[in-house]
Amino acid sequence: MKREEALEIVKKQLTERRYVHTVGVMETAIELARQYGADVTKAELAAIFHDYAKFRPIEEMRDIVISENMPSELLEYSDELLHAPVGAYLVKKEVGITDPDVLAAISYHTSGRVNMTLLDKIVYLADYIEPGRSFPGVEEVRQLAKESLDSALLQSVSNTLTFLIKNNQAVYPDTFHFYNDLIL
């Protein structure tokens with residue numbers, strides 16, 4: 001699928017602000033893929049579709065988690081997590097993208113997981129550091145990304161865990177395990 005076609009499809013699913021974010025993630029993923037030797041075409045495609053389900057109704061996403069036998073623990077944590085695995089499912093169903101690497105990168109771009117592939121890591125990090133992001137710690141992660149993908153990932157997930165803990169929010173187990181996988 002060509003970039004223009006993919007962007008046109010995803011643009012219909014997003015707000016203008018989220019579309020601008022998506023373009024930033026795409027551009028960042030392409031840069032990271034080139035820097036770290038990942039498949040640029042897959043990185044571009046996964047980045048374009050990473051937020052495909054972001055604005056779907058929560059009940060629709062919860063119903064898909066149940067009907068598609070996704071991990072039921074997804075329903076016990078923040079609804080913010082749902083758009084990633086549900087997005088991968090909908091991209092396959094509605095857009096016809098079947099590449100398991102692309103679908104996995106979409107599915108885990110929010111939570112992370114143990115044994116992240118290079119593509120998974122690139123999409124996760126691109127979402128975190130794209131140029132439109134502005135929050136405490138993001139600049140440090142951008143700098144780390146120039147030197148070491150895993151160091152940048154470790155700092156990004158550390159920042160996320162710190163934010164969740166300071167705000168008394170539950171930590172999804174895959175995110176905690178992702179952190180441990182990077183440390184060990």
Side-chain angles (χ1 to χ4, degrees), residues 1-15 18-56 60-74 79-133 145 149-150 152-153 156-157 160 172-175 177-178 181-182:
M1 177 177 295
K2 294 190 187 255
R3 177 188 299 184
E4 296 75 24
E5 179 187 1
L7 286 170
E8 195 58 40
I9 291 168
V10 82
K11 189 172 191 174
K12 295 173 186 170
Q13 303 294 323
L14 304 175
T15 63
R18 185 55 56 163
Y19 178 75
V20 169
H21 161 75
T22 294
V23 171
V25 174
M26 176 195 73
E27 292 168 349
T28 305
I30 290 168
E31 285 177 33
L32 290 170
R34 287 184 179 140
Q35 180 179 351
Y36 290 105
D39 185 311
V40 174
T41 303
K42 288 184 181 191
E44 176 183 80
L45 197 58
I48 289 171
F49 285 103
H50 83 283
D51 275 349
Y52 183 78
K54 184 80 171 174
F55 297 105
R56 294 292 175 107
E60 176 189 358
M61 289 194 285
R62 289 176 152 278
D63 289 345
I64 289 170
V65 167
I66 294 165
S67 68
E68 296 306 312
N69 295 312
M70 294 178 186
S72 61
E73 66 186 7
L74 281 166
D79 289 335
E80 180 63 28
L81 293 170
L82 299 176
H83 79 278
V86 170
Y89 166 79
L90 290 173
V91 164
K92 183 176 182 179
K93 181 182 175 196
E94 296 177 0
V95 183
I97 294 172
T98 58
D99 185 311
D101 298 333
V102 170
L103 297 174
I106 294 168
S107 190
Y108 297 104
H109 84 269
T110 303
S111 64
R113 65 173 170 163
V114 171
N115 297 321
M116 294 267 277
T117 66
L118 180 59
L119 181 62
D120 294 345
K121 290 176 177 183
I122 284 169
V123 175
Y124 181 99
L125 189 61
D127 184 37
Y128 192 90
I129 66 170
E130 66 92 1
R133 296 282 201 196
L149 184 63
D150 282 349
L153 285 162
S156 69
V157 75
T160 299
Y172 188 62
D174 280 358
T175 305
H177 296 308
F178 175 38
D181 194 43
L182 290 166

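The first residue of the sequence shown is numbered 1, and numbering continues consecutively from there. What you see is a predicted model; the values in this text were computed from it and never measured.
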| Between L149 and L118, does a side chain to side chain contact (heavy atoms under 4.5 Å, CB included) hold up when you go through it step by step? | CA-CA 9 Å; L149 184 63; L118 180 59; 3.5 Å; yes
| said: My understanding is that only residues two or more places apart in sequence, or in another chain, count here; which of them pass side chain to side chain donor-acceptor pair (under 3.5 Å) with D79? | reply: R62
| query | Can you tell me how far the CD1 atom of I9 sits from the CZ atom of F49, to the nearest 0.5 Å? | reply | 4.5 Å
| query | Ignoring hydrogens and geometry, is there a side-chain-to-backbone donor-acceptor pair from S107 to A104 under 3.5 Å? | reply | no
| request: Decide yes or no for R133 and I129: does some side-chain heavy atom of the first lie under 4.5 Å from some side-chain heavy atom of the second? | output: no
| How many angstroms lie between atom CG of D127 and atom CD1 of I122, to the nearest 0.5 angstrom? | 13.5 Å
| said: For a quick test of reading the model, state the closest non-hydrogen atom pair linking R18 to L14 and the distance between them. | reply: CG-CD2, 3.7 Å
| Sub-4.5 Å side-chain heavy-atom contact between V65 and P85 | no
| message | Looking at every heavy atom in both A47 and M26, which two are closest together, and how far apart are they? | response | CB-CA, 3.6 Å
| Would V157 and Y128 count as a side chain to side chain contact (heavy atoms under 4.5 Å, CB included) if you check the C-alpha gap in whole Å, the side-chain angles of each, and the deciding distance to 0.1 Å? | CA-CA 10 Å; V157 75; Y128 192 90; over 6 Å; no
| query | Quick one: ring-ring contact (aromatic ring centres under 6.0 Å, His included) partners of Y108, sequence neighbours excluded? | reply | none
| note | Rounded to the nearest 0.5 Å, the CG atom of L81 sits from the OG1 atom of T175 at a distance of 6.5 Å
| Closest approach of Y124 to S111 (non-hydrogen atoms, all atoms of both residues) | CE1-C, 4.2 Å
| task | Give a yes-or-no answer on whether the side chains of Q13 and R56 include a donor-acceptor pair shorter than 3.5 Å. | result | yes
| query | Got V95 and Y52 here, is their nearest side-chain heavy-atom distance under 4.5 Å? | reply | yes
| field | Steps toward side chain to side chain contact (heavy atoms under 4.5 Å, CB included) verdict (M70, M61) | value | CA-CA 11 Å; M70 294 178 186; M61 289 194 285; over 6 Å; no
| query | Salt-bridged, E80 to K54, with N to O below 4.0 Å? | reply | yes
| message | Please determine whether side chain to side chain contact (heavy atoms under 4.5 Å, CB included) holds for the pair K42 and T117, giving the CA-CA distance in whole Å, both sets of side-chain angles, and the decisive distance to 0.1 Å. | response | CA-CA 12 Å; K42 288 184 181 191; T117 66; over 6 Å; no
| Is it true that a side-chain atom of S67 and a backbone atom of D63 form a donor plus acceptor pair closer than 3.5 Å? | yes
| query | Are any non-hydrogen side-chain atoms of D181 and H177 less than 4.5 angstrom apart? | reply | no
| request: Indicate yes or no: does D150 engage K121 in a salt bridge with an N to O separation below 4.0 Å. | output: yes
| remark: Only residue of H83, H21, H109 satisfying side-chain hydrogen bond (donor to acceptor under 3.5 Å, both in side chains) with H50 is H21
| How close do L119 and V102 get, heavy atom to heavy atom, and via which atoms? | CD2-N, 4.0 Å
| said: Looking at D174 and R113, would you say the former's side chain and the latter's main chain have a donor-acceptor pair under 3.5 Å? | reply: no
| Can you tell me how far the CZ atom of R34 sits from the CG atom of D39, to the nearest 0.5 Å? | 11.5 Å
| said: I want to check something: taking the side chain as every heavy atom from C-beta on, are V25 and D51 in contact at a cut-off of under 4.5 Å? | reply: no
| query | Taking all atoms of both residues into account, what is the closest heavy-atom pair of A105 and A46, and its distance? | reply | CB-CB, 3.9 Å
| field | Spacing of CD belonging to E44 relative to CD belonging to E27, to within rounding of 0.5 Å | value | 10.0 Å
| remark: Of all heavy-atom pairs linking A88 and I106, the shortest is N-CG2, 3.6 Å
| note | Interatomic distance, CD1@I97 vs CG@L45, rounded to 0.5 Å, equals 4.0 Å
